Number of protein chains: 2
Amino acid sequence: MARSTEPGDRGNVTADEVAAVAGVSRWTVNRAFRPDASISKRSRERVMQAAQQLGYVPDLMASSLRSDRSNLVAVLVDDFANPHKLVMMERLTRILRKAGSDTLLVNMVDESDASAALLSASQRRVDATILIGSEFGEEVVATALGAQRARKLIVFARYSENPNTISICCDDVAAMTTITDFIMDRGYRNPLFLAGPQTVSAHLHRKETFLDLWSAKFGSRPESTWVRAYDPQLAYERVSETLGGRSRGELPDLLVCENDALAVGAIDAIRFSLGLRVPEDIAVTGFDDVPQASSPNYRLTTYRQPVTAMAEALAAILAGNEPSGDLSRFEGELVVRESA
Amino acid sequence: MARSTEPGDRGNVTADEVAAVAGVSRWTVNRAFRPDASISKRSRERVMQAAQQLGYVPDLMASSLRSDRSNLVAVLVDDFANPHKLVMMERLTRILRKAGSDTLLVNMVDESDASAALLSASQRRVDATILIGSEFGEEVVATALGAQRARKLIVFARYSENPNTISICCDDVAAMTTITDFIMDRGYRNPLFLAGPQTVSAHLHRKETFLDLWSAKFGSRPESTWVRAYDPQLAYERVSETLGGRSRGELPDLLVCENDALAVGAIDAIRFSLGLRVPEDIAVTGFDDVPQASSPNYRLTTYRQPVTAMAEALAAILAGNEPSGDLSRFEGELVVRESA
DNA sequence: AGAAATTTTGCACACGAGAGCAAAATTCAT
DNA sequence: ATGAATTTTGCTCTCGTGTGCAAAATTTCT
């Protein structure tokens, strides 16, 4: 036996020490910790008892080194100003952990940082890389795919055109159609669309869908504007600027926002910068149903993505199951409140 | 030579393959990637070029297996309803990555989940475990310390009494004293303190400080109440319930909230449930200065912790530097807005 | 009970890099 | 140019676990 069997060699117990106590071989010890392993009930019990006594737990680094399965997934986030990120992170980490995977959180500080962020992920042998950023473009996705070891690249809650990518998101066209139908039905006739970063075409789904549907019905293409990040503060400034000097007749009767982060800033601007009322003077719609949206301050009419179901689909994919439905066509629901 | 030198054995390039291309030994290749290694300029260049060509990056799992340094820290979060968590996570991940460490994000689903959460951290050989949860009690800290492999346990943005723990936080007593002085100065005389989970004594610092200062000056101990999580929604409900049926004279003139998450809910309740104005009828103070606090809707008077400096101190500790000042006495600043 | 089928166990080797040391190459001094 | 000092390189062994197979133990069947 090569290794000493004394505990505390370097602070942590190894399988060898447990094996000595339990009177079995090291391999039996490790097997005891794998649910699918071929091991007798009796020796598993003895191992487990010895392990408990010594405070042994298998080392996941060593395990993944050999087995090429790390049970680690990287989650790359580029946009911490959007409260919806917190919701998604909570769901993802919870569901991934239930499925046996840990989460490596990588802060993608800016666009140029993307490849460095992906590098640290690949160096950790993650089983998959999940992008829940929103401001990155398709070229980031391409970089990610170029990185040698990135096994699976999953774009979460946003559509990606790249065919080598798995994109788990809801059907933006259907969702926006639902919202647009609702708006038209309510009689709004002069909307303004407030969009996020216009870096890539994938972002334009909601906007284009809305503008197309509207001009198909009314013949004229509504006005639109955008901000460089999904940040309420920026939305506030943009709305103040854009609508600031207008006379009553020139104002839109509705702001259709690409998501709630923008909608919240827009509402603040309407009230506190323009001095108008929501929804009486200008109505507002959002997307995501962040916790704030249900606050009596905002009572935002918005669209809720099935984040839990989406995260569960993600876990299923990591487990190797074939996706059951179309992963980029999840259906959410319109949440009607008082803002529109 | 044991291994084949063909690329793509299992999808990833190893140092052996780079060594073959560069015409050096495997060890020289690995040395090229360590800044402090003893290696000639010329061979490092050759190695780097070959590595670039093959797309090689060193495997951090294998590295940490041998070297006992993983450059991985676990961040345990138990409280995703509090928007301040997002701020702290952003700062921590950014600063840690700059310092060369990756972040393992662990969602501590509930109190009973704490030891399981700590287990996954220890199994990954993290260099340190950071608790930025708030609802856990001292017994969770004890569990963490009991876990064999947890090398360093750091409690971030909250004080811990446990001597085996490094607690990086601001001086709650000084901070609350600042707030209290401000309040007294402004002439409020009938405050209500709204606290978070009352699980452990560490949480009581702010509350006790406030109550003590107040009764020292005015002789009477102010009223207080609490909710079981730092969640605006719960704060909303509690404030509505507690103040709901009261006549004008029975109402407090100020709500002192343990943090902004509660303050935001409290403001909503004052306005939309009680139908009163902030600050004219009831004023509000918070703690943390979350992004929402500066929204024109809330304009919250609050206290900003120096999160960046605290995160940098954390990184310094991980790097092995001796802490320069008292880590549990960071100083923040009062942010005076219109809510009080 | 004895043979066959099945389960359980032990073992050599591999995963990819680091520590420590000895051999080789380079630089420096005389 | 020669020997000493220094730097660079290669090598063995190690970190802790998983794979695949062969030996051992157990169960099942006739």
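These numbers come from the heavy atoms of this one structure, side chains and all, not from hydrogens, waters or symmetry mates. Lettering of chains follows the sequences in order, A, B, ..., and the numbering in each one begins at 1. Just so it is clear, the structure is predicted and the values come from calculations on it, not from any experiment.
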A:N30 CG to C:dA14 P: how many Å, rounded? 19 Å
Of the listed nucleotides C:dA17, D:dT19, D:dT17, the one nearest the side chain of B:Y56: C:dA17
Considering all heavy atoms of both residues, which atom of B:S64 and which atom of B:S70 are nearest to each other, and what is their separation? CB-CA, 3.4 Å
Side chain A:R69 and base D:dG18 donor-acceptor under 3.5 Å: no
Return the value, rounded to whole Å, for the distance between atom CG of B:D36 and atom P of C:dA17. 16 Å
Does a side-chain N or O from B:R34 land closer than 4.0 Å to OP1 or OP2 of C:dG18, or not? yes
B:R124 CZ - D:dG16 C1' separation (whole Å): 14 Å
Which listed nucleotide (D:dT19, D:dC15, C:dA17) is nearest to the side chain of A:R66? D:dT19
Heavy-atom distance under 4.5 Å between the side chains of A:K41 and A:E45, does that happen here? yes
Rounded distance (Å) that lies between atom P of C:dA19 and atom CG of B:L65: 12 Å
Give each protein N/O atom lying under 3.5 Å from an N/O atom of nucleotides 6-9 of chain C, with the pair distance.
unit_1	atom_1	unit_2	atom_2	d
C:dT9	OP1	A:S40	OG	3.1
C:dT9	OP1	A:S43	OG	2.6
C:dT9	OP2	A:S40	N	3.2
C:dT9	OP2	A:S43	OG	3.2

Report the nucleotide, chosen from D:dT19, C:dG16, D:dG16, that has the shortest atom-to-atom distance to any side-chain atom of B:D59. C:dG16
Close side-chain approach of B:R124 to A:L72, heavy-atom, < 4.5 Å: yes
Is any side-chain heavy atom of B:Q305 closer than 4.5 Å to a side-chain heavy atom of B:F330? no
Rounded to whole Å, please give me the gap between CG in A:D16 and P in D:dG18. 13 Å
Find the distance B:R125:CZ to C:dG18:C1' and express it as a whole number of Å. 12 Å
The ring-ring contact (aromatic ring centres under 6.0 Å, His included) partners of B:F33 (sequence neighbours excluded) come to B:Y56
Of B:A62 and B:W27, the one whose closest DNA chain C nucleotide lies more 5': B:A62
Are B:H84 and B:V307 side-chain neighbours, meaning at least one heavy-atom pair lies under 4.5 Å? yes
Could you give the CZ-to-P distance, from B:R26 to D:dC11, as a whole number of Å? 10 Å
Would you check if B:P58 and A:Q123 make a side-chain contact, meaning some heavy-atom pair closer than 4.5 Å? yes
